[in-house]
Undergrad: 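Following this message is one structure expressed as structure tokens.
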Protein chains: 2
Amino acid sequence: MRTDGVEPAPPTAGIVQRPVRDAGRPAVQRVTIRDVASLAGVSVATVSNALNRPSIVAPDTLERVQEAIARTGFVRSTAAGQLRGGKSRTVGVVVLDLANPFFTDMVRGAEDVLRKHGYMLMVCSSDESTEQELHYLRLLEEHRVDGLLITPAGHELREIAKLAAYGVPTVLLDRDANDEALCSVTVDDIRGGQLAAHHLLELGHADIAFVNGPATIRQCADRREGAMTAVRAKGRRPRRDVVFREIEVPALTADHGERAVGALLALEPRPTAVICANDLLALGVLKGLASARLAPPEDLAVVGYDDVTFASMLSPALTSVRQPKYELGATAARLLVEEATGGAHEHRSIRFEPELVVRASSRAPRAIRP
Amino acid sequence: MRTDGVEPAPPTAGIVQRPVRDAGRPAVQRVTIRDVASLAGVSVATVSNALNRPSIVAPDTLERVQEAIARTGFVRSTAAGQLRGGKSRTVGVVVLDLANPFFTDMVRGAEDVLRKHGYMLMVCSSDESTEQELHYLRLLEEHRVDGLLITPAGHELREIAKLAAYGVPTVLLDRDANDEALCSVTVDDIRGGQLAAHHLLELGHADIAFVNGPATIRQCADRREGAMTAVRAKGRRPRRDVVFREIEVPALTADHGERAVGALLALEPRPTAVICANDLLALGVLKGLASARLAPPEDLAVVGYDDVTFASMLSPALTSVRQPKYELGATAARLLVEEATGGAHEHRSIRFEPELVVRASSRAPRAIRP
DNA sequence: CATGCCGATTGAACCGTTTCAATCGAACCT
DNA sequence: AGGTTCGATTGAAACGGTTCAATCGGCATG
């Protein structure tokens with residue numbers, strides 16, 4: 001139930017000065033810089049100066065202007081300022097999915113840095129759809145964002161490079177710039193895969209499975225490659241044959257991880273350890289193992305990837321490869337600010353090192369345990 | 001350790017054609033509507049019409065304009081449009097912490113609705129600081145957002161109501177409007193607390209602890225009140241004395257939950273069940289219990305609140321009170337759009353019902369178990 | 001006393017769009 | 001033929017700031 005109440009005009013003595021716009025909304029007439037100027041008895045230019053370069057206006061004038069601003073409740077319009085060659089004080093942030101804690105942490109990192117510089121974040125989830133990404137990129141361009149932080153959904157960076165070429169400082173998040181001249185902040189996924197596999201090999205595992213997402217996702221391919229590198233390095237030593245088998249699932253979700261357990265246990269001989277391409281998969285695998293009455297690390301060592309907040313709280317607590325998510329976003333934001341404000345700038349690729357966090361879910365295989 | 005690899009500039013064949021503005025930035029001259037008009041041989045008004053009211057321009061003219069837009073790569077400026085009485089096509093979203101999955105899910109709900117209406121989201125984390133909230137509100141006002149979705153950090157809604165009075169459609173997220181004339185979308189936290197406590201009481205628990213956040217947070221106070229209501233209702237029955245004790249921690253984090261375990265186990269006699277004001281606290285409690293070599297639900301039944309994604313994957317899987325997070329955000333966004341576009345509108349408060357999800361972490365106390 | 005300089009202030013142009021009233025041509029009506 | 005109507009198009013005035021060159025007054029200097 002609602003009433004179509006057209007709000008009565010406030011009791012103003014005399015003429016109705018503000019035109020009633022669309023029925024029923026207050027739509028108070030905005031205070032402009034001109035109102036402030038006339039109240040303070042100065043020109044609009046002086047008000048503008050008081051706002052942007054207070055040092056060049058006389059102290060008493062400044063005070064009068066500030067007084068007038070307070071009295072009128074004036075709030076400057078970014079849009080108007082932007083029009084006259086200015087900046088929009090806005091940064092576009094495009095991630096694959098804002099509901100994914102990995103991206104959320106990154107965005108927080110970026111937000112904390114950008115806030116200090118007066119930027120607002122326009123956050124968008126592409127849902128891994130290049131179409132939706134394009135839609136958002138277009139909108140961000142219309143808003144004339146001063147910068148762009150983006151985890152591209154596809155391999156095609158041309159649209160992004162086009163924006164960057166238009167003068168929009170751009171930093172790729174968790175994605176390499178390839179040949180395009182762009183900044184990027186990434187984590188070394190090959191190294192991460194290596195860390196995970198090396199850890200298991202050191203523990204004495206010689207038959208490792210890898211539950212992986214689609215090979216089209218760069219992170220998945222890299223992590224697998226890293227793991228295989230470690231395996232090959234080990235295998236080269238005499239008297240030691242290491243088996244490495246991959247199970248590919250269509251998406252990096254707990255659900256698919258759980259379903260992968262069937263295939264995992266069907267492997268002959270059964271592997272003694274499993275690396276999962278991310279923690280969600282690992283969570284699913286743990287759950288699936290529990291259903292199958294198998295208990296890690298006894299029956300199978302499990303290693304995840306991402307070290308999400310919850311990894312440490314599982315039981316067994318999950319061994320995982322940690323990525324500096326917050327730092328990733330914060331660093332990307334700093335690069336962005338540097339590019340947006342500093343004159344001199346050269347595109348840079350910053351690569352973070354992942355870190356293995358060993359917990360209870362990984363342990364030496366039964367066979368060689370004392 | 002990280003490497004700051006400075007990428008070499010890509011080899012470009014020939015002349016650097018783009019004008020260097022401030023050292024090193026492309027800063028290509030923007031294509032304006034005038035460029036499009038002159039290329040298409042029409043007036044700017046016609047181009048504007050082609051953009052906004054294509055039906056009133058002659059088909060062949062329309063085609064010529066669209067051709068010109070494509071050729072020039074014209075992208076309209078939202079800011080310029082906004083200036084001339086238009087809208088900013090932007091909505092401010094202020095949550096307590098974007099890194100908290102509860103808010104993230106809400107924001108996703110809002111995003112999905114708002115995207116369809118062409119709005120961009122300016123997302124801000126107030127970190128529960130009214131000061132930071134105010135900072136953001138000011139910035140959002142400067143950006144002339146077309147709407148505001150906000151979970152207020154404090155009890156003081158005056159600043160928010162002021163914005164709303166200025167004609168900015170506003171919807172409170174997970175927070176009541178009290179006396180202010182505002183829309184709000186909430187979940188019945190009293191009911192949620194009741195559900196949690198009632199569940200434990202039904203299982204036969206008679207000594208329940210409540211790990212709560214600061215009482216200044218309305219949600220915390222309400223959940224506690226709901227739980228106490230259930231306890232009192234039970235206590236009224238003869239021959240049954242129910243003990244209910246509260247442990248207050250300064251913030252709703254896993255860390256504080258873990259630290260609360262000390263106080264929890266120090267209670268004399270030790271409670272047989274614990275309700276946590278949210279899942280993060282519950283996770284911390286689970287972890288702390290594990291460190292203390294106690295295993296829920298055997299040694300202590302644990303109930304959380306929020307039912308975050310990971311709650312179901314813990315072991316024991318966490319019994320929790322689910323809130324329709326995504327729906328909350330989506331509904332708020334729909335209210336916002338209705339208020340922003342429809343002329344007729346009356347402020348509404350929509351209240352969702354929480355739902356108890358029973359899992360392995362809660363079970364009858366040892367004493368009365370068969 | 002004339003001159004020059006400097007800090008403070010200001011008028012006016014400008015940014016890129018939307019929109020309104022005015023114009024124009026063609027078709028239609030009497 | 002003259003008048004009317006209607007659809008398509010357009011010139012120009014906003015919108016609300018920023019900025020630049022010009023102005024002004026006061027003070028020190030020659």
Side-chain angles (χ1 to χ4, degrees), chain A residues 18-19 21-22 27-65 68-69 72-90 139 141-144 146 166-167, chain B residues 27-65 68-69 72-90 139 141-144 146 166-167:
Chain A
R18 56 176 162 88
R21 267 155 56 126
D22 38 356
V28 189
Q29 190 61 36
R30 270 274 170 205
V31 177
T32 78
I33 199 174
R34 267 165 259 272
D35 301 325
V36 174
S38 73
L39 179 58
V42 296
S43 73
V44 292
T46 299
V47 178
S48 179
N49 283 333
L51 250 31
N52 304 307
R53 284 171 298 281
S55 64
I56 73 158
V57 10
D60 56 334
T61 312
L62 184 57
E63 196 176 350
R64 220 151 11 100
V65 170
I69 289 176
T72 54
F74 167 75
V75 176
R76 63 124 90 50
S77 157
T78 317
Q82 175 186 347
L83 208 50
R84 175 64 205 240
K87 299 272 132 197
S88 68
R89 308 256 82 190
T90 284
L139 248 42
E141 198 178 351
E142 293 190 355
H143 280 281
R144 301 287 191 268
D146 291 340
Y166 245 111
Chain B
V28 188
Q29 189 62 35
R30 270 276 170 205
V31 176
T32 79
I33 201 175
R34 262 168 266 273
D35 301 325
V36 175
S38 74
L39 179 57
V42 295
S43 73
V44 293
T46 298
V47 177
S48 180
N49 283 334
L51 250 31
N52 304 306
R53 284 172 299 281
S55 64
I56 75 158
V57 11
D60 55 336
T61 313
L62 184 58
E63 195 176 351
R64 220 153 8 103
V65 171
I69 289 176
T72 54
F74 167 74
V75 176
R76 62 125 86 53
S77 156
T78 317
Q82 173 186 348
L83 205 50
R84 175 60 209 242
K87 300 272 132 195
S88 67
R89 308 257 81 191
T90 284
L139 246 42
E141 199 178 349
E142 292 190 356
H143 279 281
R144 301 288 192 269
D146 290 341
Y166 245 112

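The chains referred to below are lettered A, B, ... by the order of the sequence lines, with proteins before strands, and numbering in each begins at 1.
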Undergrad: Are OP1 or OP2 of dT17(C) and a side-chain N or O of Thr78(B) less than 4.0 angstrom apart?
TA: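 No, outside the criterion.
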
Undergrad: Is there, by distance only and without an angle test, a donor paired with an acceptor across the side chain of Arg84(B) and the base of dG16(C) below 3.5 Å?
TA: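 Counting by modelled atom types and ignoring angles, no donor-acceptor contact under 3.5 Å is found here.
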
Undergrad: Rounded to whole angstrom units, what separation is found between the CD atom of Gln82(A) and the C1' atom of dT18(D)?
TA: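 Going from CD in Gln82(A) over to C1' in dT18(D) covers 13 Å.
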
Undergrad: Quick one: on DNA chain D, does Gly41(B) or Gly81(A) contact a more 5' nucleotide (nearest heavy atom)?
TA: Gly41(B)

Undergrad: Has Arg53(A) got a side-chain N or O lying under 4.0 Å from the OP1 or OP2 atom of dT19(D)?
TA: yes

Undergrad: Report the distance from atom CZ of Arg30(A) to atom C1' of dG17(D), rounded to the nearest whole Å.
TA: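 Atom CZ in Arg30(A) sits about 14 Å away from atom C1' in dG17(D).
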
Undergrad: Measure from the side chain of Ile56(B), starting at C-beta and using heavy atoms only, and say which of dT17(C), dT9(D), dG17(D) lies closest.
TA: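 Nearest listed nucleotide: dT9(D).
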
Undergrad: How many Å lie between NZ on Lys87(A) and C1' on dG17(D), as a whole number?
TA: 16 Å

Undergrad: Write down the atom of His143(B), the atom of Gln82(B), and the distance for their closest heavy-atom approach.
TA: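 Where His143(B) meets Gln82(B) most closely, the heavy atoms are O-NE2, 3.5 Å.
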
Undergrad: Using whole Å, report how far CG of Asp60(A) lies from C1' of dA8(C).
TA: 10 Å

Undergrad: Whole angstroms only, please: what is the CD-P distance between Glu63(B) and dT9(D)?
TA: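 Distance, rounded to whole Å: 13 Å.
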
Undergrad: Quick one: which of dT10(C), dC15(D), dT18(D) gets closest to the side chain of Leu83(B)?
TA: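 Of dT10(C), dC15(D), dT18(D), dC15(D) is nearest to the side chain of Leu83(B).
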
Undergrad: Check whether any side-chain N or O of Arg76(B) sits under 4.0 Å from OP1 or OP2 of dT18(C), and answer yes or no.
TA: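 Yes, within the criterion.
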
Undergrad: With a 3.5 Å cut-off and no angle check, do the side chains of Thr72(A) and Asp35(A) form a donor-acceptor pair?
TA: no

Undergrad: At their closest point, which heavy atom of Ala50(B) faces which heavy atom of Val65(B), and how far apart are they?
TA: CB-CG1, 3.7 Å

Undergrad: Using a strict heavy-atom distance below 4.0 Å, which residues from residues 43-50 of chain B are in contact with DNA chain C?
TA: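 Ala45(B), Ser48(B), in order of number.
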
Undergrad: Which heavy atom in Ser88(A) sits nearest to a heavy atom in Thr78(A), and how many Å separate them?
TA: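 What the structure gives for the nearest pair is O-CG2, 3.6 Å.
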
Undergrad: Between Glu141(B) (CD) and dG16(D) (C1'), how many Å, whole number?
TA: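 Taking atom C1' of dG16(D) as the reference, CD of Glu141(B) is at 15 Å.
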
Undergrad: Reading DNA chain C from 5' onward, which residue's closest nucleotide shows up sooner: Pro59(A) or Thr32(B)?
TA: Pro59(A)

Undergrad: Using whole Å, report how far CD of Glu142(A) lies from P of dT17(C).
TA: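 Whole-Å distance recorded here is 10 Å.
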
Undergrad: Looking at every heavy atom in both Leu83(B) and Ala80(A), which two are closest together, and how far apart are they?
TA: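 Looking at all heavy atoms of both residues, the shortest contact is CD1-CB, 3.6 Å.
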
Undergrad: Write down the distance between CZ (Arg89(B)) and P (dT17(C)), rounded to a whole number of angstrom.
TA: 16 Å

Undergrad: I want to check a possible cation-pi pair here: Arg30(A) against Phe74(A), using under 6.0 Å from ring centre and within 45° of the ring axis as the test.
TA: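 No, a cation-pi geometry is absent between Arg30(A) and Phe74(A).
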
Undergrad: Is any side-chain N of the basic residue among Glu141(A) and Arg76(B) closer than 4.0 Å to the acidic one's carboxylate O?
TA: no

